[in-house]
Amino acid sequence: MRTVFFLAALLLALPLVAQAFQTETYGWEETATVLGIYGNGIATIEDTSPVYNGTQSLKFEESPLGGTPQAFVGWIQDLNDGDTVAASFWVYDDTPGTNPSGRIWGHWNDDPSDPTVYDGSAGGNADYSAGTGWSFLEWEWTVVDGHTGLIIEGRIYAAAEYDAVWFDDLSITAPDAATILFPDYVVSLERQSWGAIKATF
Ligand SMILES: [Ca+2]
Ligand SMILES: [Ca+2]
């Protein structure tokens, strides 16, 4: 009887421990820039300087000046309540204590066929890029309220039109059962018609 109780307790405890995670990275080393943009942002591949790692980074500039443009740099799908997702990237900013600066943030998108859908803010932290060259920003989100998709944003807070920040070495850690999508995913989708895309989901 004691063994039965022990096994029952063990089975109950199993979901609470050792959820397996996967980590994927994206370094803007090819041609794809972002999954989408909100606001007055312009995303291009930087192939000269500044680059944190490899030979390219993502340049994100603001034009015209206004609002807080968001570069959608990662998309995690197939999430469940209680799942945790961690994301980080390096940001280049050489204006300490003032704009332009970069930030990491997140919002929910529960429609796996459309990267532009907004299902509410997922929040972030209070950190901005340090302004001393490349600085590291990271945050961890916990899935709530039945959301199934999370978009990772690289934000720019600009002081003047064409102010820019640069992003490199994006890393996302999510449960094994989730799907991690980077900007190159949408490029492949754009080669299809929307009808074909809808049919695949
Ligand atoms: Ca790179
Ligand atoms: Ca700054």
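All residue numbers refer to positions in the sequence shown, counting from 1. In each ligand, atom 1 is the first atom listed, and ligand 1 is the first ligand listed. Only heavy atoms go into these numbers, but all of them, side chains included; no hydrogens, no water, no symmetry mates.
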**Q** At their closest point, which heavy atom of Phe182 faces which heavy atom of Val73, and how far apart are they?
**A** CD2-O, 3.9 Å

**Q** Just to be sure I understand the site: which N, O or S atoms from the protein are less than 3.0 Å away from the Ca ion (ligand 1)?
**A**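 Per the 3.0 Å query on the Ca ion (ligand 1), atoms found are Gly27 O, Glu29 OE2, Asn53 O, Gln56 O, Asp168 OD1, Asp168 OD2.
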
**Q** Say whether, by atom type as modelled, one donor and one acceptor occur between the side chain of Glu46 and the main chain of Ser57 under 3.5 angstrom.
**A** no

**Q** Any non-hydrogen side-chain atom of Ile152 less than 4.5 Å from a side-chain atom of Trp75?
**A** no

**Q** Less than 4.5 Å apart, side chain to side chain, heavy atoms only: is that true for Val144 and Trp108?
**A** yes

**Q** Quick one: does Trp141's side chain have a donor or acceptor within less than 3.5 Å of a partner on Gly123's backbone?
**A**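 Flag set: sc Trp141 to bb Gly123 pair under 3.5 Å.
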
**Q** Anything protein N/O/S under 3.0 Å from the Ca ion (ligand 2)? Just list residue and atom, please.
**A** Asp93 OD1, Asp93 OD2, Thr95 O, Thr95 OG1, Thr98 O, Pro100 O, Ser101 OG

**Q** Applying ring-ring contact (aromatic ring centres under 6.0 Å, His included) between Trp90 and each of Phe136, Trp134, Tyr26, report the one that passes.
**A** Phe136

**Q** Please indicate whether Glu30 has more than 12 foreign heavy atoms, meaning atoms of other residues, nucleotides or ligands, lying under 6.0 Å from its CD.
**A** no

**Q** So, using ring-ring contact (aromatic ring centres under 6.0 Å, His included) as the criterion, who are the partners of Phe89 when residues are at least two apart?
**A**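 Applying ring-ring contact (aromatic ring centres under 6.0 Å, His included) to Phe89 gives Phe167.
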
**Q** Would you mind listing every salt bridge (Lys or Arg N to Asp or Glu O under 4.0 Å) that reaches into residues 155-169, with sequence neighbours excluded?
**A** Glu153-Arg155

